[in-house]
Amino acid sequence: MRRFTKLSNLRIPITQSLIHKFTNNESIHLPPRHHQPRQRGQNGVELKNNLKNIWWKAMTQLNDNIVGVDAAIFMHPLTWKASGHVDGFNDPMIDNKDSKKRYRADQLLEGKAEVYANAGDEAKAQALLNETGRLLGNNDLEAVRELIIAEGIVCPISGTANWTEVRQFNLMFSTQVGSVADDASLIYLRPETAQGIFVNFLNVQKTGRMKIPFGIAQIGKAFRNEIVARQFTFRMREFEQMEMQFFVRPGSEMGWYEQWRDTRLAFHKAVGLPAEKLKFHIHEKLAHYANAAVDIEYQFPFGFREIEGIHSRTDFDLKNHQELSKKKQQYFDNDLDDNGKPYGNYIPYVVETSVGADRLFLAVFCNAFTKETTGEGPEAKERVYLKLHPALAPYKAAILPITKKDGLPEKGREIEKMLKSEFRVFYEDKDGIGKRYTRQDLIGTPFCIAVDHQTLEDNTATIRHRDTTEQERVHISELKAKIGYEVSEQRILEKI
RNA sequence: GCGAAAGUAGCUCAGCUGGUAGAGCGCGACCUUGCCAAGGUCGAGGUCGCGGGUUCGAACCCCGUCUUUCGCUCCA
């Protein structure tokens with residue numbers, strides 16, 4: 001049973017065996033109708049953790065006005081009522097049996113209303129919209145279907161009115177708290193991490209004596225019951241977000257929006273994604289909460305796709321939380337305006353930056369995969385390696401005694417012991433040295449330290465560089481400093 | 001959910017008109033080996049996705065089912 005994505009279909013050139021080393025969706029338990037979310041393997045989790053750490057530091061360490069939280073995954077339905085997810089994440093769908101096409105029932109009716117409006121019959125159009133809203137509000141799906149048929153709406157493909165039942169597709173996962181299943185115990189798994197920040201906004205602001213502008217960062221899983229979860233790790237039902245909500249004075253949001261847009265692009269370049277494969281995609285159609293939105297897209301082998309969204313969310317979320325919770329979400333701004341008076345109380349505006357951790361992981365993984373041909377003619381050889389930024393690599397260095405004899409393994413272990421408290425190293429003394437180099441190339445280890453007989457004599461070893469395969473001989477006392485800087489997160493953070 | 005294609009070892013695949021499972025790579029042990037996937041010997045690993053049918057006999061033919069991929073619907 002093939003449980004692994006045929007990556008060739010996605011034009012991802014990475015070999016299956018290498019995919020295995022980083023990610024898998026295999027499970028010993030795979031019941032019918034259960035789509036196993038793709039998981040990270042032993043190397044994938046290291047790469048992803050490294051990306052998460054660098055993002056976290058880029059937020060909370062490089063900015064003295066950004067702090068982190070770790071909010072709940074289970075959240076009260078009111079939270080999602082306030083955010084618009086209970087209403088907006090619920091789509092009534094209807095299929096045409098002849099064309100096999102699926103439509104949103106409300107959009108079919110809205111389309112019909114538009115036809116009336118264009119014909120000059122505004123009253124009829126409005127009446128239809130009102131009726132649609134009333135039926136959907138009552139969740140009377142059978143009546144919605146009858147209305148579609150009564151209005152003579154046909155499928156634009158097949159031209160028939162041979163419709164299926166109307167069904168609700170709720171994109172949120174729900175479950176119950178406690179053992180008695182009634183409405184009061186219903187809770188949702190968060191479909192985005194942002195709301196966890198909003199409901200904690202005042203607490204963080206007051207306890208941290210935060211002054212606007214300031215931000216709250218969070219990394220965590222979110223869950224969406226996607227109809228299709230496809231394209232490798234690109235769209236999943238269980239995914240991880242790295243979000244930062246930046247609270248600003250109303251009216252100043254566009255400046256911050258532009259600043260964060262540029263800062264976030266710099267981040268993606270700093271972790272190694274090339275500028276020519278990154279672009280902004282400005283949203284023409286804005287979500288219900290936003291007054292400006294842009295995606296940072298990366299050119300995956302299957303096309304440009306979003307890896308991060310930067311949204312100016314206005315005061316939509318905080319205002320709704322205030323209304324539903326009856327708790328004031330306002331901030332008192334002591335700064336003086338042009339007239340010399342404090343700005344006073346207001347609900348802050350929010351600029352959001354939201355990275356899909358798994359999408360960034362996939363982008364970095366795809367980008368790192370490198371295939372090179374060395375030599376010419378019959379001498380030509382293909383070399384494959386993962387050109388990860390050293391700070392992102394699962395292992396920072398591999399210690400490889402040139403042979404298994406003459407005390408070289410002991411010397412190698414000595415070096416391993418010296419380095420392993422500083423960064424993650426790999427030790428191996430079996431097989432030919434060339435084979436071991438190649439194995440490390442495949443998982444992106446930037447440095448290989450070869451221990452030879454000269455090491456025993458003068459305590460020097462060679463460092464072999466992954467990208468060039470060139471070697472240099474250094475004293476083992478210098479290894480920590482020499483490799484340490486190269487693999488440090490500092491080198492990435494400096495560029496943001 | 002609809003449509004199309006596919007499922008044989010960890011990976012890539014072969015397996016003829018039906019006759020009881022193969023290769024390369026990888027993996028493990030040992031020998032040899034001083035630098036970019038070296039060589040040798042031995043070894044582990046598969047109820048051919050699952051269930052049923054046809055047949056003396058099914059990886060192969062038929063039916064069903066599950067899973068995966070692609071396309072569509074959705075995508076805050």
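Letters A, B, ... mirror the listed sequences (proteins, then strands); counts begin at 1.
- Ring-plane geometry between A:Phe198 and A:His321 is classed as tilted, the angle between the planes lying from 30 to 60 degrees on a 0 to 90 degree scale.
- Straight-line distance from the NE2 atom of A:His453 to the P atom of B:C35: 12 Å, rounded to whole Å.
- Summarising the base pairing, B:G64 is matched to B:C50 through a Watson-Crick or G-U wobble pair whose two defining distances lie under 3.5 Å.
- When heavy atoms are screened at a 4.0 angstrom cut-off, A:His311 is found touching no nucleic acid atom at all.
- Across the P atoms, B:A44 and B:C50 are found 23 Å apart, a figure rounded to whole Å.
- The distance between atom CZ of A:Arg436 and atom C1' of B:A37, rounded to the nearest whole Å, is 12 Å.
- Using P as the reference atom, B:C11 and B:G49 are 13 Å apart when rounded to the nearest Å.
- One interatomic measurement links the two molecules: CD of A:Gln245 to P of B:A76, which rounds to 16 Å at whole-angstrom precision.
- Between the side chains of A:Thr193 and A:Gln241, at least one donor N or O sits under 3.5 Å from an acceptor N or O.
- Spacing of C1' atoms, B:G71 relative to B:A76, comes out at 24 Å, to the nearest Å.
- As rounded to the nearest Å, B:A23 and B:C48 have C1' atoms that lie 16 Å from one another.
- When only modelled atom types and interatomic distance are considered, A:Asn459 and A:Lys411 share a side-chain donor-acceptor pair under 3.5 Å.
- B:C42 is paired with B:G28 under the criterion used here, namely a Watson-Crick or G-U wobble arrangement in which both key atom distances are under 3.5 Å.
- The listed nucleotides are B:C35, B:A37, B:C36; the one nearest the side chain of A:Ile433 is B:C35.
- Look at the C1' atom in both B:G57 and B:U65: the space between them is 25 Å, to the nearest Å.
- Nucleotide B:C70 is matched to B:G3 when pairs are restricted to Watson-Crick or G-U wobble geometry with both distances under 3.5 angstrom.
- If you measure from atom CG of A:Leu408 to atom C1' of B:U33, you get 13 Å, rounded to the nearest angstrom.
- A distance of about 10 Å separates the P atoms of B:U47 and B:A9, rounded to the whole Å.
- Comment: A:Asp429 does not engage A:Arg436 in a salt bridge, judged by the lack of any side-chain N to carboxylate O separation of less than 4.0 angstrom.
- Regarding A:Ile402, its CD1 atom lies at a distance of 13 Å from the P atom of B:A38, rounded to whole Å.
- A residue-by-residue look at A:His283 and A:Asp452 shows that A:Asp452 has its nearest nucleotide of RNA chain B further toward the 5' end.
- Remark: B:G34 base-pairs with no nucleotide in the shown strands. Criterion, Watson-Crick or G-U wobble with two distances under 3.5 Å.
- Partner assigned to B:U17 is none, using Watson-Crick or G-U wobble distances below 3.5 angstrom.
- Between A:Tyr298 and A:Phe300, the ring planes are perpendicular. Angles over 60° get that label, and only those under 30° would be called parallel.
- Comparing the same atom, P, in B:A59 and in B:G19 gives a spacing of 9 Å after rounding to whole Å.
- The nucleotide whose nearest atom lies closest to any side-chain atom of A:Ala450 is, among B:G34, B:C35, B:A37, B:C35.
- Put simply, the side chain of A:Asp458 gets close to the backbone of A:Thr460: a donor and an acceptor are under 3.5 Å apart.
- With hydrogens and angles disregarded, a donor-acceptor distance shorter than 3.5 Å links the side chain of A:His76 to the backbone of A:Leu78.
- One can place CZ of A:Arg466 at 18 Å from P of B:A37, the figure rounded to the nearest angstrom.
- Checking A:Glu240, A:Glu243, A:Glu192, A:Glu238 one by one against A:Lys221, the salt bridge (Lys or Arg N to Asp or Glu O under 4.0 Å) holds for a single residue, A:Glu238.
- Atom C1' of nucleotide B:C36 and atom CZ of A:Arg383 are separated by 8 Å, given to the nearest angstrom.
- Just one residue in the list A:Ile66, A:Ile310, A:Val350 forms a side chain to side chain contact (heavy atoms under 4.5 Å, CB included) with A:Phe246, and that residue is A:Ile66.
- B:U17 sits 16 Å from B:U55 when the C1' atoms are compared, rounded to a whole Å.
- The CD-C1' distance, from A:Glu192 to B:C75, rounds to 13 Å in whole Å.
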Grab the N/O contacts between the protein and nucleotides 27-32 of chain B below 3.5 Å, and write none if there aren't any.
| unit_1 | atom_1 | unit_2 | atom_2 | d |
| --- | --- | --- | --- | --- |
| B:C27 | OP1 | A:Arg439 | NH1 | 2.7 |
| B:G28 | OP2 | A:Lys430 | NZ | 3.3 |

